[in-house]
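Just so you know, ligand 1 is whichever comes first in the structure, and atom 1 is the first atom listed for that ligand.
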Amino acid sequence: MSVLVLADLDNTQLSPATARVVGAAAQLGAVDLLVLDPAATSAASALQGVAKVISAAVPLEAKAIAALLESLAPNYDYIVASASSVGKDVMPRLAAKLDIQPVTDIIAIEGASRFVRPVYAGNALETVSDSQAKHVLTVRASAFRPVAGTGSAPVETLSSTVPAAARLIAQHRTESDVPDLSTAQIVVGGGVSVGSAEGFKLIENLGAVLGAAVGATRAAVDAGYAPNDWQVGQTGKIIAPDIYIAVGISGALQHLAGIQGAKKIIAINKDPEAPIVKIADLALIGDLFEIVPQLTAELQNLGVSRRG
Ligand SMILES: Cc1cc2nc3c(=O)[nH]c(=O)nc-3n(C[C@H](O)[C@H](O)[C@H](O)COP(=O)(O)OP(=O)(O)OC[C@H]3O[C@@H](n4cnc5c(N)ncnc54)[C@H](O)[C@@H]3O)c2cc1C
């Protein structure tokens with residue numbers, strides 16, 4: 001079976017999601033990796049399981065990318081992308097062009113045409129049997145293990161003539177040395193009870209000591225305490241860390257929808273009846289403004305710091 005994966009980019013570099021999507025796609029067959037920025041081709045060619053890197057320069061907008069994928073589609077049984085904002089934009093367009101029903105948000109691959117995906121905001125999992133001759137898939141990168149970067153696949157450069165439907169005028173990027181929320185191994189999340197953007201420094205400090213990414217509830221984001229791209233949940237990011245530390249978070253269904261993949265949940269909450277406490281592996285019941293600084297200081301004393 002032949003598989004084409006659209007590489008997920010973080011500016012001009014491969015995002016950490018790409019190695020995970022390749023890990024997922026390699027279960028289906030030999031993977032060709034389409035990379036839309038020449039700066040990312042050498043990292044792409046190092047990914048294990050990649051048979052060939054296809055480097056193409058097209059305008060980075062969904063219509064042009066979908067047109068390029070459509071032109072490559074006849075050579076492949078599967079066309080796969082991360083369920084990132086780009087994947088969610090591009091793949092339904094491609095599926096419509098190919099007259100295929102896409103299978104989205106895959107969290108497990110059970111066979112050549114059997115895929116598991118969450119439904120009802122993550123409250124149930126459905127197993128889908130996709131009997132189509134060609135498959136258009138998006139995968140939740142955090143659900144799959146990344147492949148190693150020890151390969152050396154050949155690079156084929158494609159001269160694409162896909163015209164731009166839109167012109168990119170400017171790109172604004174948030175610079176941060178904090179791990180990517182979607183693929184971080186540890187995430188510390190803060191709720192609205194943190195009380196202010198200043199108060200969120202408590203969450204960030206704990207995150208920094210652990211080398212963790214920082215997340216937030218929608219209530220905290222709506223209150224202006226945390227930036228929008230930190231939101232975790234049904235309408236935010238889906239995370240699957242090894243450890244999720246939920247600080248002052250009640251555990252509303254819409255938030256839980258984003259943390260279903262977390263392997264261990266630690267709740268810090270003053271309410272022992274809070275829903276997050278009920279599902280946590282470990283709960284610290286008390287005032288976050290006492291517990292979090294103490295925990296951060298203890299971890300610092302133990303020399304736990306993983307960042308710098
Ligand atoms: C369509 C829709 C989509 C949504 N999407 C999302 C989403 O993607 N992500 C999301 O997070 N939410 C989402 N929501 C909102 C969601 O329903 C909740 O309102 C939100 O998650 C609650 O955030 P919270 O836990 O910060 O606040 P609250 O529910 O108010 O909980 C605060 C918690 O802090 C605890 N607490 C208070 N003070 C302290 C203290 N000093 N120390 C320790 N603990 C303390 C309380 O006991 C409580 O458990 C969505 C809602 C809708 C309707």
Counting each atom of ligand 1 from 1 as listed, which ones have a heavy atom of [X] under 4.0 Å away?
X	value
Asp271	47 (O)
Val232	7 (C), 8 (O), 9 (N), 10 (C), 11 (O)
Gly248	32 (C), 33 (C), 34 (O), 44 (N)
Ser250	25 (O), 28 (P), 29 (O), 31 (O), 33 (C), 48 (C), 49 (O)
Gly191	26 (O)
Asp287	40 (C), 41 (N), 42 (N)
Ala252	16 (C), 17 (O), 18 (C), 21 (O)
Gln231	6 (C), 7 (C), 8 (O), 9 (N)

Worksheet entry | Pair Asp105 + Arg140, salt bridge at N-O below 4.0 Å |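 Looking at Arg140 together with Asp105, the answer is yes, because their closest N to O distance falls below 4.0 Å.
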Worksheet item: Is a salt bridge present between Glu273 and Lys278, judged by a nitrogen-to-oxygen distance below 4.0 Å?
Response: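 Salt bridge: yes.
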Discussion item. Heavy-atom distances under 4.0 Å decide this one: backbone, side chain, both or neither, for Ile276 against ligand 1?
Written reply: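 Looking at Ile276 and ligand 1, no heavy atom falls under 4.0 Å.
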Is [X] in polar range of ligand 1, meaning some N or O pair under 3.5 Å apart?
X	result
Val192	yes
Leu288	yes
Phe289	no

Worksheet item: Which distance, rounded to the nearest 0.5 Å, do you find between the CG of Leu6 and the OG1 of Thr18?
Response: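 The CG atom of Leu6 sits 8.5 Å away from the OG1 atom of Thr18.
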Worksheet item: To the nearest 0.5 Å, how far apart are CG in Leu68 and CG in Leu94?
Response: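 Rounded to the nearest 0.5 Å, the CG-CG separation comes to 10.0 Å.
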With clusters defined by side-chain heavy atoms of hydrophobic residues (ILVMFWY) lying less than 4.5 Å apart, directly or transitively, does [Y] cluster with [X]?
X	Y	result
Ile249	Trp230	no
Val187	Ile245	no
Tyr76	Leu69	yes

Practice prompt. Assess whether atom NZ of Lys263 is packed by more than 12 heavy atoms of other residues, nucleotides or ligands within 6.0 Å.
Written response: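 Enclosed.
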Discussion item. Can you confirm whether more than 12 heavy atoms, excluding those of Glu126, are under 6.0 Å from its CD atom?
Written reply: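 Correct, the count exceeds 12.
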Discussion item. Can a side-chain donor-acceptor contact be found between Arg117 and Thr104 if the only test is distance below 3.5 angstrom?
Written reply: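 The criterion, which ignores hydrogens and geometry beyond distance, is satisfied for Arg117 and Thr104.
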Worksheet item: Nearest to atom 5 (N) of ligand 1, what protein heavy atom do you find, and at what distance?
Response: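 Result for atom 5 (N) of ligand 1: Thr235 OG1, 2.7 Å.
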Fill in: Which residue and heavy atom of the protein sit nearest atom 24 (P) of ligand 1, plus the separation
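It is Thr217 OG1, 3.6 Å.
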Worksheet item: Are any non-hydrogen protein atoms located under 4.0 Å from atom 30 (O) of ligand 1?
Response: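 When distances to the protein are checked, atom 30 (O) of ligand 1 has a heavy atom within 4.0 Å.
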Discussion item. Just to check, does Gly286 reach to within less than 4.0 Å of ligand 1 when the distance is taken from its heavy atoms?
Written reply: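 The answer is yes, since Gly286 has a heavy atom less than 4.0 Å from ligand 1.
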